[in-house]
*Asks:* 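Pasting in a structure now, in structure tokens, and then I'll have a few things to ask.
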Amino acid sequence: MRTLIKHLLAAKEPRAGVLVQGWVRTRRDAKGFSFVEVNDGSCLAHVQVVVDATIPGAEHLAEVTTGASVSVVGDLVPSPAAGQQWELRATRLELVGPADATYPLQKKGHSLEFLRTIAHLRPRSNLFGAVFRTRSRLAHAVHRFFQERDFVYVHTPIITTSDCEGAGEMFRVTTLRGDIDRAPERDFFGRRAYLTVSGQLEAEALACALSNVYTFGPTFRAENSNTARHAAEFWMIEPEMAFCDLAADMDLAETFIKAMARAMWEDCAEDLGLFEKFVDREVRRRLEFVVERPFQRVPYAEAVEILQRAGRSFEFPVEPGAHLQSEHERYLTEEHFRAPVTVFNYPRAIKPFYMRLNEDGRTVAAMDLLVPGIGEVIGGSQREERLDQLLDNLRFHHLEPADYAWYVDLRRYGTVPHAGFGLGFERLLMFLTGVGNIRDVIPFARTPGHAEF
RNA sequence: UCCAGAGUAGCUCAAUGGUAGAGCAGCCGGCUGUUAACCGGCGGGUUACAGGUUCGAGUCCUGUCUCUGGAGCCA
């Protein structure tokens with residue numbers, strides 16, 4: 001039976017007759033035998049396989065090159081040389097699949113740009129193996145966080161017919177041919193359909209029945225955004241809580257970020273070492289910062305005053321009532337507070353219709369959680385639960401109430417105060433690993449002009 | 001979409017307007033319980049594409065394409 005290398009290297013004592021299967025990273029030949037480094041993706045480390053030229057299968061050693069797949073039976077023994085605790089003394093070698101000289105991954109380092117052009121092979125590099133293992137473990141940590149707190153994992157639709165969620169350009173889904181706008185009633189769903197840009201509205205419906213829920217699934221934006229932080233297809237995490245106000249929402253967001261930083265620390269220790277060494281020397285310090293520093297909270301109006309008093313010129317001037325620019329957000333968290341900051345109570349006009357109007361009639365119960373190095377990682381709000389006020393909000397934003405009939409219904413029948421937030425899983429990964437480009441935390445990224453894999 | 005920068009060997013990069021080079025990878029040989037092994041040799045190019053200036057263009061100009069960084073939109 002196959003033993004994964006992560007388990008093999010954690011062995012406390014020698015083991016005879018183990019089976020290792022994986023991909024060759026490099027081979028070094030010596031007189032009468034060879035060293036073959038094998039990696040199976042179970043961990044960052046390779047196992048050094050010592051292949052004597054006389055064992056069965058050794059006649060194929062010339063083809064055991066970087067990239068080839070092999071199956072090795074051997075004995076795990078202490079390594080007599082420095083560099084590794086254990087090595088596998090092979091008794092039988094099988095070349096499963098050769099990789100000829102055209103195999104594009106070399107032993108030396110490659111640029112991230114080049115690796116993106118071979119997205120199907122880059123998981124075999126140290127960096128991308130580490131990124132995708134981390135992605136898996138953090139996805140698990142997300143579920144663990146909410147499940148431990150009795151949140152119900154809900155699956156909101158990927159295909160939606162509501163084209164007015166206000167979260168960005170949408171991808172059209174259709175089975176029509178030719179002019180798809182001529183007779184949308186003849187389309188598959190009897191109307192225009194799109195890929196979802198957010199599961200929030202549906203999550204609110206489920207929260208108003210199951211109390212605390214969360215979504216964690218794919219989301220799509222057809223924006224022509226060409227930046228290191230945007231993808232057309234990404235995964236979003238959206239908790240929604242009934243009988244909950246903005247303060248409790250902010251509490252949860254801060255607890256969540258701290259928990260994710262701790263999960264990175266505890267569950268991804270080996271890969272974190274690689275990120276720290278080759279990707280971002282500050283990444284470990286940033287995790288400490290998030291886990292240990294108390295989070296700050298500041299109302300939007302006060303944040304604007306802080307920025308105006310900052311005594312420095314921003315590329316974009318600070319305008320009361322306008323969106324905070326990324327440089328403003330980063331100043332607040334990195335320089336002024338030197339801590340993660342939650343900004344709340346934003347002007348009504350710059351936030352969506354579903355956010356709850358505050359008593360002042362000018363601001364809404366919205367919050368953004370800002371962290372150093374990234375800026376906003378979480379955006380959330382208390383939702384408008386008052387029927388009349390929600391209808392007023394729709395009018396205020398020039399939206400048609402009829403388009404939101406079922407959503408408005410939630411306020412008509414047993415409405416409750418409720419709140420939630422959303423965050424992009426990939427942005428979280430970028431923050432926790434230090435990887436600077438969203439295209440490098442997604443195995444096969446979709447960005448404008450790119451879906452070739 | 002806007003602004004800036006960059007496209008040279010399979011990869012990473014050099015090359016005052018004057019004969020396109022190195023390291024790595026590959027191939028051949030050597031050495032060695034090796035550690036992104038090491039040593040010697042060999043092959044490897046329509047300098048992104050199209051036009052222009054010039055005696056002469058990888059280098060200067062124009063256009064196109066692609067990529068990267070920043071911005072906007074946002075998560």
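Naming convention: chains lettered A, B, ... in sequence-line order (proteins, then strands); numbering from 1 in each chain. Since this is a predicted model, take the numbers as computed values, not measurements.
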*Asks:* Can you see whether A:S79 engages A:E87 through a side-chain donor-acceptor pair at a distance of less than 3.5 angstrom?
*Replies:* yes
*Asks:* Pairs under 3.5 angstrom, nitrogen or oxygen only, protein versus nucleotides 27-32 of chain B, please.
*Replies:*
from  : atom 1 : to    : atom 2 : distance (Å)
B:U32 : N3     : A:D29 : O      : 3.0
B:U32 : O4     : A:D29 : O      : 3.0

*Asks:* Does the base of B:U12 carry an N or O that pairs as donor and acceptor with the side chain of A:E113 under 3.5 Å?
*Replies:* no
*Asks:* Please find out if less than 6.0 Å separates the ring center of A:F216 from that of A:F425.
*Replies:* yes
*Asks:* When the C1' atoms of B:G51 and B:A15 are compared, how many Å lie between them, rounded to an integer?
*Replies:* 25 Å
*Asks:* Determine the Euclidean distance between corresponding C1' atoms of B:C13 and B:G56; express it in Å to zero decimal places.
*Replies:* 26 Å
*Asks:* Counting only side-chain N and O atoms of A:R439, is one of them less than 4.0 Å from OP1 or OP2 of B:G69?
*Replies:* yes
*Asks:* Could you tell me how far B:C24 sits from B:C39 if I compare only their C1' atoms? Round to whole Å.
*Replies:* 16 Å
*Asks:* To the nearest Å, how far apart are A:H450 NE2 and B:C67 C1'?
*Replies:* 8 Å
*Asks:* Under 3.5 Å, side chain of A:T447 to main-chain N/O of A:H450, donor-acceptor pair present?
*Replies:* no
*Asks:* Mind calculating the distance between CD (A:E452) and P (B:U66) to the nearest angstrom?
*Replies:* 12 Å
*Asks:* Rounded to the nearest angstrom, tell me the gap between atom CD in A:Q325 and atom C1' in B:C73.
*Replies:* 11 Å
*Asks:* Of A:P448 and A:G379, whose nearest nucleotide on RNA chain B comes first from the 5' end?
*Replies:* A:P448
*Asks:* What is the distance, rounded to the nearest whole Å, between atom CD of A:Q200 and atom P of B:C74?
*Replies:* 15 Å
*Asks:* Quick one: label A:R116 by what it contacts on the DNA or RNA (base, sugar-phosphate, nothing), any heavy atom closer than 4.0 Å.
*Replies:* sugar-phosphate
*Asks:* Please confirm whether the backbone N or O of A:A339 pairs with a side-chain atom of A:T333, one donor and one acceptor, at under 3.5 Å?
*Replies:* yes
*Asks:* Do A:F145 and A:Y214 have their ring centres less than 6.0 Å from each other?
*Replies:* no
*Asks:* Which residues pass the side-chain contact (heavy atoms from CB on, under 4.5 Å) test with A:E335, not counting sequence neighbours?
*Replies:* A:R312, A:Y331
*Asks:* Between A:E223 and A:E169 (side chain of the first, backbone of the second, donor and acceptor by atom type, cut-off under 3.5 Å), is there such a pair?
*Replies:* yes
*Asks:* From CD1 of A:I378 over to C1' of B:C74, roughly how many Å is that when rounded to an integer?
*Replies:* 15 Å
*Asks:* Residues two or more places apart in sequence or in another chain: which of them pass side chain to side chain donor-acceptor pair (under 3.5 Å) with A:E385?
*Replies:* A:R356
*Asks:* With rounding to the closest Å, how many angstrom separate the C1' atoms on B:A20 and B:G41?
*Replies:* 22 Å
*Asks:* Any side-chain to backbone donor/acceptor pair from A:T219 onto A:S198? Under 3.5 Å, distance only.
*Replies:* no
*Asks:* Tell me if the aromatic rings of A:H155 and A:Y153 count as close, with their centers under 6.0 Å from one another.
*Replies:* yes
*Asks:* Does a nitrogen or oxygen in the side chain of A:R28 sit under 4.0 Å from OP1 or OP2 of B:C38?
*Replies:* no
*Asks:* Look at the rings of A:F33 and A:F35 and say which category their plane angle falls in: under 30° parallel, 30 to 60° tilted, over 60° perpendicular.
*Replies:* perpendicular
*Asks:* For the aromatic rings, using the six-membered ring if either is Trp, is the centroid distance between A:Y354 and A:Y407 under 6.0 Å?
*Replies:* no
*Asks:* Using heavy atoms and a sub-4.0 Å distance, could you list which residues of residues 38-56 of chain A are near RNA chain B? By number, please.
*Replies:* A:Q48
*Asks:* For B:U46 and B:A36, measure between their C1' atoms and round to the nearest Å.
*Replies:* 34 Å
*Asks:* How about CZ on A:R149, more than 12 heavy atoms from neighbouring residues, nucleotides or ligands closer than 6.0 Å, or not?
*Replies:* yes
*Asks:* Produce the list of close N/O pairs, under 3.5 Å, pairing protein atoms with atoms of nucleotides 44-50 of chain B; give distances to one decimal.
*Replies:*
none

*Asks:* CZ of A:R221 versus C1' of B:C74: gap in Å, rounded?
*Replies:* 7 Å
*Asks:* When every nucleotide of nucleotides 1-11 of chain B is labelled 5' to 3' by its protein contacts under 4.0 Å (heavy atoms), B for base, S for sugar-phosphate only, - for none, what sequence of letters results?
*Replies:* B--------BS
*Asks:* Considering just the side-chain nitrogens and oxygens of A:S326, establish if one lies under 4.0 Å of OP1 or OP2 belonging to B:G72.
*Replies:* yes
*Asks:* To the nearest Å, give me how far apart NZ (A:K351) and C1' (B:C74) are.
*Replies:* 10 Å
*Asks:* Which pair of heavy atoms, one from A:E426 and one from A:W235, lies closest together, and at what distance?
*Replies:* OE1-N, 3.0 Å
*Asks:* On RNA chain B, nearest-nucleotide positions of A:H323 versus A:A81: which is more 5'?
*Replies:* A:A81
*Asks:* Can any side-chain N or O of A:H418 pair as donor or acceptor with the backbone N or O of A:E384 at less than 3.5 Å?
*Replies:* no
